[in-house]
Amino acid sequence: MLISGEGSNLQALIDASRARAIAAEIVVVVSNRGAARGLERARSAGIPAVHLPAQRGAERSVYDETLSIELAKHSPDLVVLAGFMRIFTPQLVAHFAGRMLNIHPSLLPKYPGLDTHQRALDEGERTHGATVHFVTADLDAGPAVIQYRIAVRPEDTPDSLAARVRTGEHIILPRAVDWFATGRLRLERGAVMLDGKPLPKPMILEGEA
Ligand code: GRF
């Protein structure tokens, strides 16, 4: 699992794995930031936690190669990104094609990139949420698997939205990981397949109104 910060999604996966609510185990956690709280969460759970800083001025491919080597030591079946603040080379994305999931805090294809909660409020959106998607070469644009959707309230702020969306992230990410781990979820020729059938639109989990 790749993180850069708080690691609350990591914690949700650790808890789900421990409770045997998902058929998956986290074999390694890598962060590009040494201060990421997620690294501590991993260590407390007895999971190898690796700080892999980027070297100033180095090519992106150098980082991605080191990352690939680090991951290969643990032979992961799936690589999960949650708040990992780096963009990959197309080579790394191709290497993990169909084996890499990301969680993004918006209802993609709306609001790829940063400041999603503020942007959703600025646009007067009535709904907002989070998306788990397969990673492709386009930033935050790979085929979507599942979305958590909430109604935006008149009194919402970026922080209040972030908190409610985060609660849903902790449900949909473990769910998608479990589907993958149990062989129910696959990416075939660029299309999401769930239980052997194409999923033309992501599954939607409605949050409380
Ligand atoms: C989540 O909102 C995720 O969607 C976004 O970054 C945040 C990571 O949170 N990409 P955490 O580190 O899992 O708490």
Side-chain angles (χ1 to χ4, degrees), residues 1-18 21-22 24 26-45 47 49-53 67 76 78-88 92-93 96 100-121 125 127-150 152 156-178 180 202-205 207:
M1 177 143 186
L2 307 185
I3 57 154
S4 295
E6 178 57 32
S8 68
N9 281 288
L10 165 67
Q11 191 66 54
L13 285 173
I14 291 173
D15 295 346
S17 178
R18 275 193 178 154
I22 59 172
I26 304 164
V27 289
V28 64
V29 173
V30 177
S31 170
N32 60 323
R33 284 187 51 238
R37 166 128 160 72
L39 285 177
E40 271 178 46
R41 292 179 188 268
R43 284 186 200 111
S44 319
I47 299 167
V50 182
H51 172 212
L52 204 63
L67 177 61
L78 175 70
V79 176
V80 175
L81 316 180
F84 187 62
M85 300 300 280
R86 282 188 63 86
I87 294 172
F88 294 129
L92 189 110
V93 173
F96 287 109
M100 196 181 252
L101 291 175
N102 179 43
I103 183 143
H104 180 78
S106 78
L107 294 173
L108 292 173
K110 287 189 170 174
Y111 312 115
L114 299 175
D115 299 326
T116 57
H117 310 302
Q118 180 70 60
R119 286 156 64 204
L121 286 174
E125 296 288 355
T127 58
H128 185 52
T131 305
V132 176
H133 66 95
F134 280 101
V135 175
T136 60
D138 305 317
L139 182 70
D140 297 330
V145 174
I146 183 167
Q147 295 188 315
Y148 178 73
R149 186 163 65 193
I150 55 171
V152 177
D156 265 323
T157 62
D159 283 351
S160 69
L161 267 186
R164 295 214 315 289
V165 166
R166 196 71 56 94
T167 310
E169 292 184 14
H170 300 164
I171 302 170
I172 62 172
L173 185 59
R175 192 168 296 184
V177 167
D178 186 60
F180 189 91
M203 302 285 284
I204 304 278
L205 177 68

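Heavy atoms only: backbone and side chains are in, while hydrogens, waters and symmetry mates are out. Remember, it's 1-based here, ligands and their atoms both numbered in the order they're listed.
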Can you tell whether the side chains of Arg41 and Glu6 come within less than 4.0 Å, N to carboxylate O? yes

With a cut-off of 4.0 Å, which atoms of ligand 1 are near a heavy atom of Glu6? 12 (O), 14 (O)

Identity and separation of the nearest protein heavy atom to atom 5 (C) of ligand 1: Pro105 CD, 3.7 Å

Applying the side chain to side chain contact (heavy atoms under 4.5 Å, CB included) test to Thr131, which of Asn102, Ile146, Leu108 qualifies? Leu108

Should Ile103 be counted as touching ligand 1, given the test is an N or O pair under 3.5 Å? yes

Side-chain touch Val80/Ile26, heavy atoms, less than 4.5 angstrom: no

Which is closest to atom 3 (C) of ligand 1 in terms of heavy atoms, Glu169, His170, Arg41? Glu169

Residue-level breakdown please: for Arg166 versus ligand 1, do any non-hydrogen atoms fall below 4.0 Å on the side chain, on the backbone, on both, or on neither? side chain

Which residues share a side chain to side chain donor-acceptor pair (under 3.5 Å) with Asn32, sequence neighbours left out: Ser4

Among Ala82, Gly38, Ser8, the residue with a heavy atom nearest to atom 11 (P) of ligand 1 is Ser8

Could you say whether the N/O atoms of Gly7 and ligand 1 ever approach to under 3.5 Å? yes

Is it true that a side-chain atom of Thr127 and a backbone atom of Arg149 form a donor plus acceptor pair closer than 3.5 Å? no

Compare Ala12, Ala36, Gly83 and give the one whose heavy atom is closest to atom 6 (O) of ligand 1. Gly83

Assess, by modelled atom type and distance only, whether the side chains of His128 and His117 contain a donor and an acceptor separated by less than 3.5 Å. yes

